Participant: 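Pasting in a structure now, in structure tokens, and then I'll have a few things to ask.
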2 protein chains.
Amino acid sequence: MTELEKYIQSYFGISQEDLAQVGALFKRQTIKKGDYFLKTGRVCDKLSFIQSGLLRIYVQTPNKEVTQLISTKGYFVTDLASLIFNTPARWTIQALTDAEIYTIDSQDYNRIGTLIPKWHELEKLFIARCFTILEDRIFTHLSMTAEERYHFFFERNKELFNQVPLQYIASMLGMTPETFSRIRKKSIS
Amino acid sequence: MTELEKYIQSYFGISQEDLAQVGALFKRQTIKKGDYFLKTGRVCDKLSFIQSGLLRIYVQTPNKEVTQLISTKGYFVTDLASLIFNTPARWTIQALTDAEIYTIDSQDYNRIGTLIPKWHELEKLFIARCFTILEDRIFTHLSMTAEERYHFFFERNKELFNQVPLQYIASMLGMTPETFSRIRKKSIS
DNA sequence: GTAATTTCTTGATTTATGTCAAGAGCTTTT
DNA sequence: AAAAGCTCTTGACATAAATCAAGAAATTAC
């Protein structure tokens with residue numbers, strides 16, 4: 001079983017055969033550090049699984065660049081709204097490191113449901129789980145200070161802190177790099 | 001066509017017959033101002049459509065009460081994670097006004113998929129749309145000041161401002177009632 | 001291995017937002 | 001209609017976080 005299949009298995013819980021069928025629709029692909037997976041304004045016509053490497057999802061606003069998420073091994077990456085509704089992508093997605101990904105194009109993606117009858121239901125559950133993760137993330141912004149968000153995130157994502165420029169984590173947590181740096185200093189000493 | 005059916009129609013786009021079938025699973029119910037629709041820690045075994053009235057979704061934390069959302073006419077209300085995964089509810093949901101709602105219990109909810117084959121797919125799309133709304137909301141916290149969030153929300157939800165205690169809107173936007181009040185004053189004059 | 005670039009830290013300062021406390025203005029209750 | 005509760009506002013002040021600027025540290029390019 002490939003790693004992709006293992007992850008799909010764990011997220012969706014489908015049979016060996018179904019797994020092989022879905023897995024086969026994903027094509028292995030490498031993407032170099034700095035390359036763009038997606039740019040704001042284009043329609044996102046693919047969904048990828050990250051086998052290795054790191055991708056950053058962000059938006060360029062008039063004032064500043066805002067990092068929405070850093071996606072790592074084992075996660076799927078796409079602009080969901082754009083993929084599903086064919087709207088222009090809100091996010092730009094760029095590789096922070098060389099990355100190995102498995103990609104399915106939107107055509108094949110839309111075909112999964114016909115191959116595997118239960119797929120829509122399982123995917124519904126998967127997206128619902130993603131939904132609740134975002135609910136919780138909003139809650140952190142309503143209830144926590146920058147410092148609390150830092151610790152909360154750090155406890156759950158220690159590895160990330162020595163893999164990516166910290167300014168991106170700062171942005172993702174809704175604070176400036178300077179504030180991030182000061183909290184970090186306090187926390188280390 | 002009932003209002004419930006009209007909304008389901010607009011969200012899910014299903015046929016007249018299917019609509020009648022789903023619609024029939026919802027039972028009309030009234031709920032008095034102050035009544036609890038759901039309490040944190042219980043398992044949420046229902047999903048409701050709001051026909052009229054306002055419900056507030058919030059959490060009591062050790063320090064303060066945090067309002068996650070105020071739900072209005074035309075919206076569905078539930079603790080999605082709890083409904084789907086049978087986990088203890090994170091949110092408490094309380095009526096801010098007398099409300100008229102249409103409720104489906106989790107048993108019937110889980111049966112829709114067997115009645116209407118396309119349901120899971122349509123619901124997937126519906127939840128995906130909710131997902132992207134939350135993505136956008138997170139973005140407001142990463143990119144905007146309290147004042148900007150105020151205006152952004154105000155432009156889109158003017159009516160709400162003379163229907164509910166403003167402190168709840170303040171909380172929902174991630175600021176104190178005092179800050180909210182000051183921004184409001186500036187904005188009026 | 002040195003230069004060039006990018007990233008991170010630090011200090012000084014400003015600005016935004018939170019806290020506390022009091023009172024005014026509404027609603028609801030009696 | 002007075003009393004009791006809420007809710008909102010306001011001022012004074014405290015604190016958190018942003019901004020600006022400079023330099024140190026790390027990384028990447030040559």
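Proteins come first, then strands; the chains are lettered A, B, ... in the order of their sequence lines, and each starts at number 1. Bear in mind that the values here come from a model prediction, so they are computed numbers and not experimental data.
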Participant: Among dG18(C), dA17(D), dC8(C), find the nucleotide with the atom closest to the side chain of R182(B).
Facilitator: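 The closest nucleotide is dG18(C).
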
Participant: With a 4.5 Å cut-off on side-chain heavy-atom distances among I, L, V, M, F, W and Y, is there a chain of contacts connecting L47(A) to L115(A)?
Facilitator: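 L47(A) and L115(A): one cluster.
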
Participant: Among dG11(D), dT10(C), dC8(C), which is the nearest nucleotide to the side chain of K185(B)?
Facilitator: dG11(D)

Participant: Please tell me if S181(B) has a side-chain N or O lying less than 4.0 Å from either OP1 or OP2 of dC8(D).
Facilitator: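 Answer is no, no contact under 4.0 Å.
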
Participant: Taking all atoms of both residues into account, what is the closest heavy-atom pair of L173(B) and R149(B), and its distance?
Facilitator: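 It is O-NE, 2.8 Å.
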
Participant: To the nearest Å, give me how far apart CZ (R149(B)) and C1' (dT17(C)) are.
Facilitator: 10 Å

Participant: Name the nucleic acid region contacted by K64(B), choosing base, sugar-phosphate or nothing; use a 4.0 angstrom heavy-atom cut-off, strictly under.
Facilitator: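 It contacts nothing in the nucleic acid.
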
Participant: In whole Å, I'd like the distance from the CZ atom of R56(A) to the P atom of dT6(C).
Facilitator: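 After rounding, the gap between these two atoms is 14 Å.
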
Participant: Taking atom C1' of dG23(D) as reference, at what distance in whole Å does atom CD of E178(A) sit?
Facilitator: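 To the nearest whole Å, that distance equals 14 Å.
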
Participant: Out of curiosity, Q94(A) CD to T67(A) OG1, how far, rounded to the nearest 0.5 Å?
Facilitator: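 Rounded to the nearest 0.5 Å, the CD-OG1 separation comes out at 10.0 Å.
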
Participant: Under 4.0 Å between a side-chain N/O of R184(A) and OP1 or OP2 of dT9(C), yes or no?
Facilitator: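 Checking R184(A) against dT9(C): at least one side-chain N or O falls below 4.0 Å of OP1 or OP2.
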
Participant: Please determine, by modelled atom types, if Y109(A) and E123(A) share a side-chain donor-acceptor pair under 3.5 angstrom.
Facilitator: yes

Participant: Counting heavy atoms from C-beta on, name the nucleotide in dT10(C), dG11(D), dT17(C) closest to the side chain of T145(B).
Facilitator: dT17(C)

Participant: On DNA chain C, check which nucleotide each of I183(B) and L166(A) is closest to and give me the residue with the more 5' one.
Facilitator: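 The residue whose closest nucleotide sits nearer the 5' end is L166(A).
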
Participant: Could you check how far NE2 of H151(A) sits from P of dA16(D), rounded to whole Å?
Facilitator: 12 Å

Participant: Check the hydrophobic clustering (I, L, V, M, F, W, Y; side-chain heavy atoms under 4.5 Å; chains of links allowed) and say if F152(B) and L134(B) are grouped together.
Facilitator: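 No, no single cluster joins them.
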
Participant: Of all the choices, dT9(C), dT19(C), dA17(D), which nucleotide is nearest to the side chain of T176(B) once you look at every atom?
Facilitator: dT19(C)

Participant: Just the rounded figure in Å: distance from P of dC8(C) to CZ of F180(A).
Facilitator: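 Those two atoms, CZ and P, are 8 Å apart.
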
Participant: If I take atom NE2 in residue H141(A) and atom C1' in nucleotide dT17(C), what distance separates them, rounded to the nearest angstrom?
Facilitator: 16 Å

Participant: Hey, which sits more toward the 5' end of DNA chain C by its nearest nucleotide, M144(B) or K33(B)?
Facilitator: M144(B)

Participant: Between K186(A) (NZ) and dT9(C) (C1'), how many Å, whole number?
Facilitator: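 From K186(A) NZ to dT9(C) C1': 16 Å.
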
Participant: Of the listed nucleotides (dA12(D), dT7(C), dC8(C)), which one gets closest to any side-chain atom of Y168(A)?
Facilitator: dT7(C)

Participant: Report the distance from atom OH of Y150(A) to atom P of dT9(C), rounded to the nearest whole Å.
Facilitator: 9 Å

